[in-house]
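Right, one structure below, let's go through it.
Remember, it's a predicted structure, so these values are computed and weren't measured experimentally. Below, all heavy atoms of this structure are taken into account, side chains as well, without hydrogens, waters or symmetry copies.
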Amino acid sequence: MNPPHFDTVTPVYDALSRLVFGRRLERAQTVWLSQIQAGASVLVLGGGTGALLGPLLARQPGRLLFLEASRQMLARASQRMIREQLTGQVTFQHGSEQALTPTDQFDVIILPFVLDVFTESTIRERMLPALLRALRPGGILLITDFVRTDRRWQRALIQVMIWFFRLTANIETRRLASWQSLVSETRLNRAGQCPQVWGMVSAEWWR
């Protein structure tokens with residue numbers, strides 16, 4: 001299957017998010033930023049239009065790699081630096097986790113609403129192995145994403161979003177992956193968890 005391509009939805013992505021959720025998704029991504037030490041090397045994978053950049057740069061990281069598979073999203077994220085007058089050393093790079101090299105090593109890896117567009121097999125067999133190779137011993141993984149829920153309206157909303165992005169962005173999954181179970185199969189242990197957005201999103205950090 002071809003990789004997801006969010007270029008077509010980039011012009012309306014932020015507006016749609018705020019229409020449905022307000023700024024709750026943006027706030028959810030910042031819950032565990034306090035775990036980032038000044039000078040840490042940080043990877044943001046799939047940061048979209050860069051809503052996280054301001055709060056993240058306030059933590060004064062050292063190296064910051066912003067790795068995004070959509071060229072249009074990447075362009076908007078880099079423009080945000082100028083528009084919001086953000087300061088800090090950020091490398092904007094087009095690509096996925098497969099673009100990481102053996103020399104790419106990070107103290108912190110951030111996944112903001114990334115895992116929800118992939119199947120469990122892709123997450124287990126491709127994404128997590130590549131990310132764990134890039135995470136230094138003692139490093140932390142910050143994940144904010146949708147989770148499975150027992151509330152019918154939340155399940156319906158998540159499924160509508162999945163089908164919308166299947167049609168518009170060619171995402172591969174047909175249902176939300178149980179990403180928490182997949183991460184728990186790795187060498188990492190969950191150190192913190194905070195439900196967000198009426199319980200349909202979980203903000204977590206793993207080490």
Side-chain angles (χ1 to χ4, degrees), residues 1-9 13 25 28-29 32 35 41-48 52 63-71 73-74 77 91-149 155 158-193 200-207:
M1 185 177 220
N2 294 327
H5 52 79
F6 279 82
D7 287 355
T8 55
V9 297
Y13 186 85
L25 300 186
Q29 297 174 53
W32 297 112
Q35 299 299 322
S41 56
V42 179
L43 165 66
V44 178
L45 177 66
L52 188 60
R63 179 193 181 197
L64 175 52
L65 175 60
F66 192 96
L67 188 58
E68 169 58 54
S70 165
R71 292 187 185 277
M73 293 278 196
L74 196 67
T91 300
F92 293 95
Q93 180 178 334
H94 177 250
S96 70
E97 75 286 342
Q98 300 303 306
L100 297 170
T101 69
T103 59
D104 286 319
Q105 295 289 295
F106 302 93
D107 302 307
V108 182
I109 295 178
I110 303 176
L111 306 179
F113 297 99
V114 174
L115 300 180
D116 56 11
V117 305
F118 295 100
T119 63
E120 292 190 355
S121 61
T122 295
I123 296 170
R124 178 190 288 114
E125 298 166 14
R126 191 192 80 191
M127 298 186 70
L128 288 177
L131 293 170
L132 289 176
R133 285 193 296 269
L135 185 64
R136 289 193 175 113
I140 64 174
L141 180 64
L142 305 185
I143 307 175
T144 306
D145 220 322
F146 292 98
V147 292
R148 294 178 180 178
T149 172
R155 293 200 307 269
I158 290 172
Q159 198 59 47
V160 166
M161 289 189 296
I162 287 174
W163 283 107
F164 173 79
F165 287 115
R166 277 184 62 82
L167 290 172
T168 59
N170 195 44
I171 68 171
E172 66 176 39
T173 194
R174 293 177 180 271
R175 66 190 300 263
L176 187 64
S178 180
W179 56 266
Q180 294 159 307
S181 297
L182 299 176
V183 180
S184 70
E185 296 172 2
T186 70
R187 60 178 167 86
L188 301 179
N189 295 302
R190 184 162 50 200
Q193 179 181 17
M200 62 193 303
V201 167
S202 186
E204 305 185 3
W205 70 286
W206 297 68
R207 62 182 176 188

Residues in side-chain hydrogen bond (donor to acceptor under 3.5 Å, both in side chains) contact with Arg155, at least two apart in sequence or another chain: none
Does any N or O in the side chain of [X] come within less than 3.5 Å of the main-chain N or O of [Y], such that one atom is a donor and the other an acceptor?
X: Asp116; Y: Leu176; answer: no
X: Asp107; Y: Arg136; answer: no
X: Arg166; Y: Glu172; answer: yes
X: Trp32; Y: Ile143; answer: no
X: Glu68; Y: Gly48; answer: yes

Is the number of heavy atoms from other residues, nucleotides or ligands within 6.0 Å of CZ (Arg190) greater than 12? yes
Take a 6.0 Å sphere around CZ of Arg187 and say whether it holds more than 12 heavy atoms from other residues, nucleotides or ligands. yes
Set out, in order, the CA-CA distance, both residues' side-chain angles and the distance that settles side-chain contact (heavy atoms from CB on, under 4.5 Å) for Phe106 and Leu100, then state yes or no. CA-CA 11 Å; Phe106 302 93; Leu100 297 170; 4.1 Å; yes
State, to 0.1 Å, how close [X] and [Y] come at their nearest heavy-atom pair, and which atoms those are.
X: Gly95; Y: Leu67; result: O-CG, 3.5 Å
X: Gly47; Y: Val44; result: CA-CG1, 3.8 Å
X: Ser202; Y: Val147; result: CB-CG1, 3.7 Å
X: His94; Y: Ala69; result: NE2-O, 2.9 Å
X: Ile123; Y: Leu115; result: CD1-O, 3.6 Å

Between Thr173 and Thr122, does the side-chain contact (heavy atoms from CB on, under 4.5 Å) criterion hold? Intermediate values first, please. CA-CA 9 Å; Thr173 194; Thr122 295; over 6 Å; no
Would Arg126 and Ser96 count as a side-chain hydrogen bond (donor to acceptor under 3.5 Å, both in side chains) here? Give the steps. CA-CA 11 Å; Arg126 191 192 80 191; Ser96 70; 5.2 Å; no
Are side-chain heavy atoms of [X] and [Y] found at a separation under 4.5 Å?
X: Glu120; Y: Ser178; value: yes
X: Leu141; Y: Thr186; value: no
X: Glu204; Y: Trp179; value: yes
X: Trp205; Y: Gln193; value: no
X: Thr168; Y: Phe6; value: no

Residue that, paired with Val201, satisfies side-chain contact (heavy atoms from CB on, under 4.5 Å) out of Ile158, Leu25, Thr149, Asp145: Leu25
As an exercise, state the distance from [atom1] of [X] to [atom2] of [Y], rounded to the nearest 0.5 Å.
X: Phe164; Y: Ile171; atom1: CZ; atom2: CD1; value: 10.5 Å
X: Met161; Y: Phe113; atom1: CE; atom2: CZ; value: 9.0 Å
X: Leu45; Y: Gln93; atom1: CG; atom2: CD; value: 10.5 Å
X: Glu97; Y: Asp104; atom1: CD; atom2: CG; value: 12.5 Å
X: Asn189; Y: Trp206; atom1: CG; atom2: CH2; value: 7.5 Å
X: Asp7; Y: Tyr13; atom1: CG; atom2: OH; value: 13.0 Å

Where do Thr144 and Gln29 land on the side-chain hydrogen bond (donor to acceptor under 3.5 Å, both in side chains) test, with the steps shown first? CA-CA 6 Å; Thr144 306; Gln29 297 174 53; over 6 Å; no
